[in-house]
Amino acid sequence: MDLMFRSTRNAENKVTASMAVLKGLADDGGLFVPETLPKLDVSLDELAGMSYHETAYTVMKQFLTDYTEEELKYCINHAYDEKFDTKEIAPLKFVDGKYYLELFHGATIAFKDMALSILPYLMTTAAKKNQEDKEIVILTATSGDTGKAALAGFADVPGTRIIVFYPKNGVSAVQEKQMVTQKGKNTCVIGIHGNFDDAQSGVKKLFSDKELAKELAGEGFCFSSANSINIGRLVPQVVYYVYAYGKLLSSGALKPGDKMNVVVPTGNFGNILAAYYAKNMGIPIEKLVCASNENKVLYDFFQTGVYDKNREFILTSSPSMDILISSNLERLIYRIAGDDAEKNAQLMQQLAKEGRYTITDEMKERMEDFAGGFATGEETSEEIAAVYKKTGYVLDTHTAVASFVCRKYFRQSKTDLPTVIASTASPYKFARSVMEAIDSKYSGMDDFDLIDELSRISGTAVPRAIEEIRNAPVLHDKVIEKDEMEKAVKEFLGIA
Ligand SMILES: *Cc1c(COP(=O)(O)O)cnc(C)c1O
């Protein structure tokens, strides 16, 4: 029996895993969730010796049951190859009493690569399985990292096109340069005058526009999503939490059954939700600590049970977490509502209308796996400087948010469990903020000079992803108003 996926907004809407990957978002605007969260079918001891690829297969086959073993292994082997600069794929580094799970060794040096290097394979395999012969058009809104990772994953993949929208003034210089220099005939990158939530709302609107879908179908196109709402992104992210547990076992830091904590720098709530799924699969995780920057809508939610996006949007030094509508939270809401699509749909309607909703006390009790914390810009900079001065290890701004929150959580909860921090980006990607945190003398220096200086003071090589963009020509320079997104899509597809 295949595991089926249901929409969080309509219990009747059920599809196979491969259809869920292909569609991205359910027709009713809901997100696909597995009918039941699967368990691992190996013992914890067995995880200890597994490679990343073996772990990936062990985890993913439990979710994506309508993919054959051959298909799934093909996807895994093509995703996690030399695009990563280490065979370990996701190394676990022990620094200053914490375990940093480095998720930034892929093509674009941020954790989005962990899922986006496999999504194109999962998706084109899904298209074949479901006799989908239309060209797949990936529409993506990005707060900086998803965009480049999706572009890198889908560039020149036959049968696909990809369009990325990013907030023109809301991403780092390196992030923007990475995107606008993207090669590949099937790629399109557009800046919008607005913030990430504008871009994301615009994309969601295009997805739910039935008339547009019909028009596109007539021209031989169908939309799909590479955003973290696609279950094909969530499932590959479960893998590295299972892998980290296996590594802690093989290093002797844990015995099978011992618990660990996990701290995740959070924006759209995809990464931490994957950790929650790992816990549900049987990985002994004590707390899932959700770390926010100054856009601390999630922190407030965990404190009060009120989700309220009606607040000032703050541009921070951790732009990939500058988000007020955390899309993947909907999957948790659905779950703590007792898998009740109707209840969830009501709350999401309130969110769309009033920008806020309140959950019941009973629902709040079901969130006890989670704890929340946040770091201000100053605390983030201090964390980078402190860790560097003590150990020589350089954190990026997102990881530093989590690292600070972790430190605070240790103090408050007096936990002594091994703690894994999801390290979501290479410091090279946010060199300016990182270097200015370490020493104010670096302000005013050119971006690429800062990168060379970072290499010098950290004793690490400049990643390939940075070398590639140093002198690359800009290939995408379009900037539009936020109400012109549909027009831009049609222009790129050649349907006026
Ligand atoms: C996307 C991203 C995050 C946030 O992850 P979510 O899954 O959206 O919560 C954190 N850090 C970096 C560097 C990112 O790119």
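This one's a predicted model, so the numbers in the text were calculated from it and none came from an experiment. Counting starts at 1 for both ligands and their atoms, in listed order. Throughout, residue positions are numbered sequentially from 1 according to the sequence presented.
Under 3.5 Å, the side chains of Q200 and S327 contain a donor-acceptor pair of N or O atoms. Side chains of S143 and D322: a donor-acceptor N/O pair is absent below 3.5 angstrom, by distance only. In the model, Y442 has a side-chain atom that pairs as donor or acceptor with a side-chain atom of E453 under 3.5 Å.
Of the protein's non-hydrogen atoms, G267 N, 2.8 Å is the one closest to atom 9 (O) of ligand 1. In terms of protein heavy atoms, atom 7 (O) of ligand 1 is closest to N271 N, 2.9 Å. Looking from atom 12 (C) of ligand 1 to the surrounding protein, the closest heavy atom is T424 OG1, 3.4 Å. Given atom 6 (P) of ligand 1, the protein heavy atom at minimum distance is N268 N, 3.5 Å. Nearest protein neighbour of atom 14 (C) of ligand 1, counting heavy atoms only, is K112 NZ, 2.8 Å.
Checking each of F374, Y307, F370 against Y299 for a ring-ring contact (aromatic ring centres under 6.0 Å, His included) leaves exactly one that passes, namely F374.
Within ligand 1, counting atoms from 1 as listed, the ones closer than 4.0 Å to a heavy atom of G270 are 6 (P), 7 (O), 9 (O). Contact atoms of ligand 1 toward A425: 13 (C) (distance under 4.0 Å to a heavy atom of the residue). Residue contact check: M321 has heavy atoms under 4.0 Å from atoms 10 (C) of ligand 1. Those atoms of ligand 1 with a heavy atom of P265 less than 4.0 angstrom away are 4 (C), 10 (C). Counting the atoms of ligand 1 from 1 in the order shown, those under 4.0 Å from a heavy atom of T266 are 9 (O). Taking every heavy atom of D145 and a limit of under 4.0 angstrom, the matching atoms of ligand 1 come to 12 (C), 13 (C), 14 (C), 15 (O).
Ring centroids of Y121 and H78 are separated by less than 6.0 Å, placing the two rings close together.
Under a cut-off of 6.0 angstrom, the local environment of NZ in K309 is sparse, with at most 12 non-hydrogen atoms contributed by other residues, nucleotides or ligands.
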